[in-house]
Q: 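I am attaching a structure below and will ask some questions about it afterwards.
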Amino acid sequence: MKFFIDTANLGEIREAHEMGVLDGVTTNPSLCAKEGISDFEGFIAEICDLVEGDVSAEVVSTDFNGMLEEGRRLAGIAENVVVKVPLIKDGIKAIKTFSDEGIKTNCTLCFSTTQALVAAKAGAGYISPFVGRLDDISTDGMQLIAEIVQMYENYGYDTEVLVASIRHPMHVAEAAQLGADVSTMPFPVIEKLIKHPLTDIGLKKFLDDWNKLQDSLK
Ligand code: E4P
């Protein structure tokens with residue numbers, strides 16, 4: 001499974017990258033607003049310099065021509081830019097055009113299997129089902145992942161399932177068991193993946209015992 005970080009914070013991207021397990025980055029307009037990003041294209045260029053994997057940059061136009069113009073400009077920033085497009089009618093048309101032009105896309109704001117089916121038919125590189133936001137309205141987000149993974153397998157679609165809106169490590173564990181291709185996570189979730197109290201207790205005991213041994217040898 002590929003790990004992407006879901007943030008517009010360069011410090012977090014750098015720290016996750018230094019761990020050596022980062023395969024890409026997803027951003028969205030809300031994350032950029034949170035960080036007060038004023039030069040979006042410059043910011044995407046900076047991430048692409050740092051990270052070798054796919055970097056999703058979202059268009060904010062909602063009409064076909066606007067999406068094409070924005071997406072082509074974003075795709076020109078670096079080879080690893082993936083144009084993120086919302087799952088609306090003009091978005092699907094734009095994804096089809098980008099796919100024909102060889103521009104990789106991430107189809108975002110997916111909440112149903114039929115949406116995911118149409119996105120795959122249009123040639124989306126990634127489909128981003130939002131599991132946390134479905135859980136928020138008492139609907140099983142991971143069930144949607146299971147259905148999309150199975151559906152894509154049935155027909156041999158190349159579209160990768162990018163599990164988005166992840167809130168906690170169990171989302172990642174379940175996504176991995178279902179065979180999803182990517183999990184995109186906020187930085188605190190990446191940190192929690194390796195956290196276990198027994199590891200901390202065990203390490204403390206190892207070091208205490210080692211120090212006692214050293215003292216006894218003095
Ligand atoms: C994915 O690409 C989205 O940016 C993100 O995962 C949305 O997550 P949220 O529901 O926590 O805002």
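Since the model is a prediction, treat every value here as computed from it, not as a measurement. Remember, it's 1-based here, ligands and their atoms both numbered in the order they're listed. Only this structure's heavy atoms are used, side chains among them; waters, hydrogens and symmetry mates stay out. Heads up: numbering here begins at 1 and tracks the sequence.
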Q: Present, as a list of atom pairs with distances to 0.1 Å, all nitrogen or oxygen contacts under 3.5 Å between ligand 1 and the protein.
A:
{"residue": "ligand 1", "atom": "2 (O)", "partner": "K84", "partner atom": "NZ", "Å": "2.6"}
{"residue": "ligand 1", "atom": "4 (O)", "partner": "D6", "partner atom": "OD1", "Å": "3.1"}
{"residue": "ligand 1", "atom": "4 (O)", "partner": "N28", "partner atom": "ND2", "Å": "2.6"}
{"residue": "ligand 1", "atom": "4 (O)", "partner": "K84", "partner atom": "NZ", "Å": "3.3"}
{"residue": "ligand 1", "atom": "6 (O)", "partner": "D6", "partner atom": "OD2", "Å": "2.7"}
{"residue": "ligand 1", "atom": "6 (O)", "partner": "S165", "partner atom": "N", "Å": "2.7"}
{"residue": "ligand 1", "atom": "10 (O)", "partner": "R133", "partner atom": "NE", "Å": "2.7"}
{"residue": "ligand 1", "atom": "10 (O)", "partner": "S165", "partner atom": "OG", "Å": "2.7"}
{"residue": "ligand 1", "atom": "10 (O)", "partner": "R167", "partner atom": "NH1", "Å": "3.3"}
{"residue": "ligand 1", "atom": "11 (O)", "partner": "R167", "partner atom": "NH1", "Å": "2.9"}
{"residue": "ligand 1", "atom": "12 (O)", "partner": "R133", "partner atom": "NH2", "Å": "2.8"}

Q: Check this for me: does any side-chain nitrogen of one of D215 and K218 sit under 4.0 Å from a carboxylate oxygen of the other?
A: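 Yes, this pair counts.
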
Q: Among all residues two or more places apart in sequence or in another chain, which pass the salt bridge (charged side-chain N to carboxylate O under 4.0 Å, His left out) test with E15?
A: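 In terms of salt bridge (charged side-chain N to carboxylate O under 4.0 Å, His left out), with neighbours along the sequence ignored, E15 is linked to no residue.
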
Q: Show every donor-acceptor pair shorter than 3.5 Å between a side-chain atom in residues 40-52 and any protein atom, with sequence neighbours excluded, or say none if there are none.
A:
{"residue": "E41", "atom": "OE2", "partner": "R73", "partner atom": "NE", "Å": "2.8"}
{"residue": "E41", "atom": "OE2", "partner": "R73", "partner atom": "NH2", "Å": "3.2"}

Q: With the side chain counted from C-beta on, respond yes when C110 and I148 share a heavy-atom pair under 4.5 Å apart, and no when they do not.
A: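 Side-chain contact under 4.5 Å: yes.
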
Q: Does K2 have any salt bridge (charged side-chain N to carboxylate O under 4.0 Å, His left out) partners at least two apart in sequence or in another chain, and if so, which?
A: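 E160.
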
Q: I'd like to know if K212 pairs up with D208 as an ion pair, taking the criterion as any Lys NZ or Arg NE/NH1/NH2 lying under 4.0 Å from an Asp or Glu carboxylate oxygen.
A: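 Looking at D208 together with K212, the answer is no, because their closest N to O distance does not fall below 4.0 Å.
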
